[in-house]
Amino acid sequence: MGEKSSHVGRLTLYLSLATLLLTGMVLGIVPFLTNNLTEQKGLKVMIGSVSYAITYRSYRKAYEDADLVVLGKVVSVDNDSKYRELRNGTWVTLEDSESAGPTVSKHFFTFPVLEVEQVIKGELFSKTVTIIQGGVGIDAEKGIVYIILEDPPLEAGERVILFLHKSKDEDYPSTYSYLGPFGRFEVVDSKVYSMMYEAPGLKLLEKYGIPEQQRIEQAAILTRTEYAKVNGTPLEEFIETLTAP
Amino acid sequence: MRNRILLVACILCIFASTTLFAVVEHVYGYLLWGLKWKKPPYPDLWYINLCADPDDFYATRDAANDWNNINLPSGVRPRFHDYWYPPQHVYVKNVYYPSQWWDGMTYPYDYNGDGYFEYVNISLNNYYTQNYPRNKIRSVIGHEFGHSLGLAHMFFAPVLMNPDTSERYDVYGIYKPTQDEVNGINALYGGG
């Protein structure tokens with residue numbers, strides 16, 4: 001009886017310890033993004049973080065809202081910057097920052113050019129489309145490249161499906177924008193991947209020394225959404241789900 | 001007899017930890033960005049509010065005060081001081097990026113790569129914030145101030161560090177630091 005009670009006592013003790021350990025793990029913290037600054041070809045890499053103004057749970061809703069949806073390959077990437085200031089309620093772009101007051105800010109832009117293979121939605125009267133990405137890109141003056149992990153810079157050679165919107169930026173009226181991870185899918189070997197997955201052989205931030213896992217952790221906003229289903233979906237099947245009535 | 005006492009003690013231990021888990025306020029947790037401020041300057045952080053939009057300007061001031069008033073001991077609680085003279089630790093500016101998908105953005109500067117902030121740039125995208133009510137802007141800038149202290153995103157939770165403004169503010173109505181953010185700051189600067 002005494003031996004049995006001793007066994008039960010030990011078992012209960014182990015259970016208690018396991019409970020406490022598990023509780024500690026659940027409540028614990030997992031520091032990630034251990035280094036926000038690395039160097040690449042003399043450029044400092046600055047990793048930023050954003051608050052999302054627009055999010056989607058359904059990629060089909062994002063598709064419906066888009067003006068133009070294309071499958072294509074990035075053929076080149078350009079960068080630009082502008083100085084802008086809010087004056088009497090209106091935003092103005094300045095020629096330079098010489099006459100600038102303290103509220104002038106430098107705006108960074110990246111312009112990937114996409115060679116379009118297929119227009120899935122909308123009309124396009126050229127073979128290429130220029131994308132505008134704001135707040136990311138290169139500040140050559142300071143030698144800094146600014147990156148948002150959940151929407152890494154598009155690189156030449158990358159094959160993507162983009163849900164595009166006509167740009168409302170008056171300085172770049174002929175460009176299109178997309179809504180970060182909600183409007184971008186990677187295509188590898190005719191299979192489609194949402195931004196919360198690592199497409200085979202595609203290390204989007206490798207050249208900056210940033211592991212894919214770090215990028216994927218920041219795309220966690222997609223995890224409880226329809227985007228989570230897009231993990232190696234055959235290209236034709238994915239396009240069919242978009243265009244189905 | 002000794003074994004019985006041990007058995008009863010263990011059962012009580014499980015009961016106590018389960019009860020404690022059930023009755024305490026649900027805490028969603030926090031994540032850290034991997035960067036923090038050295039002490040000093042922490043807890044005294046000088047920020048410059050360069051927002052040209054009056055609503056963004058006042059929301060920034062209110063959000064800084066929200067962080068200054070969190071329930072932590074002096075020395076652990078941040079003290080953001082609004083001061084119109086460089087060098088500052090935190091720069092807050094309005095920007096205008098139409099058609100982009102974000103309303104607030106934070107870039108930390110750690111040129112030395114030693115894990116400590118040197119300064120932080122915060123941008124409020126006035127393309128969106130010009131149509132937000134004051135407390136929604138406060139929610140965005142409060143979130144960005146959270147990054148400037150070293151906190152990372154906490155997805156889907158009713159906390160200030162939730163990156164989705166429509167969920168954080170429109171669904172949960174959060175525009176001030178919650179207990180989760182307070183715990184995060186305590187972990188970063190209070191040693192526990």
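Below, read A as the first sequence line, B as the second, and so on, with proteins coming before strands; counting in each chain starts at 1. Note that the structure is predicted; figures quoted are calculated from it, not measured.
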Colleague: Check each atom of A/V136 against the heavy atoms of chain B and say whether the ones under 4.5 Å are side chain, backbone, both or neither.
Modeller: both
Colleague: Is chain B contacted by the side chain of A/I144, its backbone, both, or neither, given a heavy-atom distance below 4.5 Å?
Modeller: side chain
Colleague: In this structure, which one of A/I132, A/I54, A/D151, A/D169 forms a side chain to side chain contact (heavy atoms under 4.5 Å, CB included) with B/Q100?
Modeller: A/I132
Colleague: Taking B/A52, B/P54, B/G184, B/S123 one by one, which has the highest count of heavy-atom pairs under 4.5 Å against chain A?
Modeller: B/A52
Colleague: Just so I know, are the side chains of A/I147 and B/Y107 near enough to count as touching, which here means a heavy-atom distance under 4.5 Å?
Modeller: no
Colleague: I need the residue from B/V140, B/I122, B/V95, B/L50 with the largest number of non-hydrogen atom pairs under 4.5 Å to chain A.
Modeller: B/V95
Colleague: Between CZ of B/F155 and CG of A/L222, what distance do you get to the nearest 0.5 Å?
Modeller: 8.5 Å
Colleague: Using only heavy-atom distances, determine whether the side chains of B/H147 and A/S49 contain a donor-acceptor pair under 3.5 Å.
Modeller: yes
Colleague: B/Q130 versus chain A, heavy atoms under 4.5 Å apart: side chain, backbone, both or neither?
Modeller: neither
Colleague: Out of curiosity, B/Y96 OH to A/K82 NZ, how far, rounded to the nearest 0.5 Å?
Modeller: 15.0 Å
Colleague: Check B/R168, B/H143, B/H153 against A/S51 for a side chain to side chain donor-acceptor pair (under 3.5 Å) and give me the one that passes.
Modeller: B/R168
Colleague: Between atom NZ of A/K142 and atom OH of B/Y109, what is the distance when rounded to the nearest 0.5 Å?
Modeller: 5.0 Å
Colleague: Is chain B contacted by the side chain of A/Y176, its backbone, both, or neither, given a heavy-atom distance below 4.5 Å?
Modeller: neither
Colleague: Let me know if A/H107 has heavy atoms under 4.5 Å from chain B in its side chain, its backbone, both or neither.
Modeller: both
